[in-house]
Structures are given as C-alpha cells and as structure tokens.
Amino acid sequence: MTALHEDDFPEPVAKDHDRVAMIAGAVHTILGALGEDPNREGLKQTPERVAKALIYMTQGLKNPLSSAVGDALFASNNDELVVVRNIEFYSLCEHHMLPIIGHVDIGYMPQGKVLGLSKLARIVDLYARRLQIQENMTQQIADAVQQVTGARGVAVQVRAAHMCMAMRGVEKVDSETITSMMLGALRDDPQTRNEFLQLIAQGRK
C-alpha cells in the first residue's frame, strides 16, 4: 500500500493549511498535558497527522446534500422496494471523539425517481463524517433519502460498535447498538416494513 503524500489528500485537507496548523497546535498542547514529550521522534509529526485526519473525518459537516447526490437521480416506473444493505461507515462520537464503526441498511419505495445506488453510500458518508450520535445520524440519512427521492417510504437501520463503550467506561467490547428510522409507507404499512426487515436480515447469523 503506497503512503499518501500531502497533495493526495482530498479536500478539505490538502489546502486547509490554517485549520491544520490551528488543530495541530492544540494536539501539541494535549500531548504535553498527557505527560508526553511532543518533540520526541515518534511524536514530532503527530499533531499535523491528527489535524489532517480529523479534518478528513469530519468533512461531511460542511458539505451540502447535493455534493453526495450530484445528478444521479433518474426517472423510473419502478415502485417496488429498493434495498442496499451493509453500507460500511466510520464516524466519531461527539461525546468522546472516539470511533463509531458499523453498517447501514437503506430501503426506499420509489415514486417516479430512483437514485444511483452508490449515492446512497455517499449520503451515509456525508452524515457519518462528522461528530455524531448514532440516533441523529439514522434520522438524518432517512430524511436525506426522502428529500432527494420523494419516495413513498424510507427505512434506515444502523448497526454499530462504539469505541467509547469498548475502550473506556463499561468496556463492553462485543456490544452493538441498533437504531432505525421509518418514514411514510415503510412506517405505516406493517407488510412493507416487514419486507424490508426480512431483506436486510437475509444471510446474517
């Protein structure tokens, strides 16, 4: 695997030098407060690396929904349930800034328009790449899919492990948090809702 050069970082990292410098200065201070020597060989570049990583991992905060969708909305007569399962995501807990790692399942019932399948993954990234709590992220993804597609119904389920529970506090390594949001027909029609739940459960242990 080839190491990334600074110029290889996508926006907003590569050209945001002022913000990188500000965050790096704060990380340098934190390292000292932890009892470390920020100037020792292994840590000399750590503040800048952390700054760039944090900017990259929170870039969804400033990006509009249109940046995830582009022009990938297409006319369609299909009105049956569309489901994309196991969309991997990485986020940061807003309470401890520790990782949230998991998967998202999305289903929607088109109403004249369908969205390019990869754009559902981009919508997930848009809301995952910011300081988050899982409950809010679940609703934000569902609302975004509804807004973009005008679907008759939308369903989102999020399954995630929270490092703030595994690495500190109760230290429950194997715990999984599941949240869901149902809108429109997928909320009101039990048969349609069950179809979504059955489809996303297929093949899981």
inquiry  = Quick one about E135 and T179 (side-chain donor to acceptor, distance below 3.5 Å, no hydrogens or angles considered), yes or no?
reply    = no
task = Could you tell me whether the side chain of R152 and the main chain of A185 form a donor-acceptor pair under 3.5 Å?
result = no
query = Do you know the tightest heavy-atom contact between A51 and V20?
reply = CB-O, 3.5 Å
ask   = Say you draw a straight line from CD of Q132 to CZ of F89; how long is it, rounded to the nearest 0.5 Å?
value = 9.0 Å
inquiry  = Testing the basics here: between A151 and Y108, what is the closest heavy-atom pair and its distance to 0.1 Å?
reply    = CB-CD1, 3.9 Å
remark   = In short, C93 meets L131 closest at the heavy-atom pair O-CD2, 4.5 Å
remark   = CG (D189) and CZ (F196) are apart, to the nearest 0.5 Å, by 14.0 Å
query = Rounded to the nearest 0.5 Å, how far does NE2 of H96 lie from CE of M165?
reply = 11.0 Å
remark   = Scanning both residues in full, the closest heavy-atom pair of Q134 with A160 reads OE1-CB, 3.4 Å
remark   = Checking L115, L117, V104 against V84 for side chain to side chain contact (heavy atoms under 4.5 Å, CB included), the one that qualifies is L117
message = Could you check whether atom CG of D71 has more than 12 heavy atoms from other residues, nucleotides or ligands sitting under 6.0 Å from it?
response = no
key: R159 bridged to D105 by N-O distance under 4.0 Å   = yes
message = I need the I133 CD1 to H162 NE2 distance, nearest 0.5 Å.
response = 9.5 Å
request  = To the nearest 0.5 Å, tell me how far Q59 CD sits from M57 CE.
outcome  = 10.5 Å
ask   = Between the side chains of R122 and N63, does any donor sit under 3.5 Å from an acceptor?
value = no
ask   = So which heavy atom on A142 is nearest to which on L183, and how close?
value = O-CD1, 3.6 Å
query = Taking atom types as modelled and ignoring hydrogens, do the side chains of H103 and Q157 form a donor-acceptor contact shorter than 3.5 angstrom?
reply = no
query = Same cluster for V158 and V83 if Ile/Leu/Val/Met/Phe/Trp/Tyr side chains link at under 4.5 Å?
reply = no
message = Counting only heavy atoms not in N39 (residues, nucleotides, ligands), do more than 12 fall under 6.0 Å from its CG?
response = yes
message = Tell me whether L73 shares a hydrophobic cluster with I123, the cluster being built from Ile, Leu, Val, Met, Phe, Trp, Tyr side chains joined at under 4.5 Å.
response = yes
message = With a 4.5 Å cut-off on side-chain heavy atoms, are V124 and I141 touching?
response = yes
ask   = Between R19 and D16, is there a salt bridge with N-O shorter than 4.0 Å?
value = yes
ask   = From S91 OG over to M97 CE, what is the distance, rounded to the nearest 0.5 angstrom?
value = 11.0 Å
task = Just do the side-chain contact (heavy atoms from CB on, under 4.5 Å) check on Y56 and R129 with the steps written out, would you?
result = CA-CA 8 Å; Y56 180 77; R129 288 179 178 169; 3.5 Å; yes
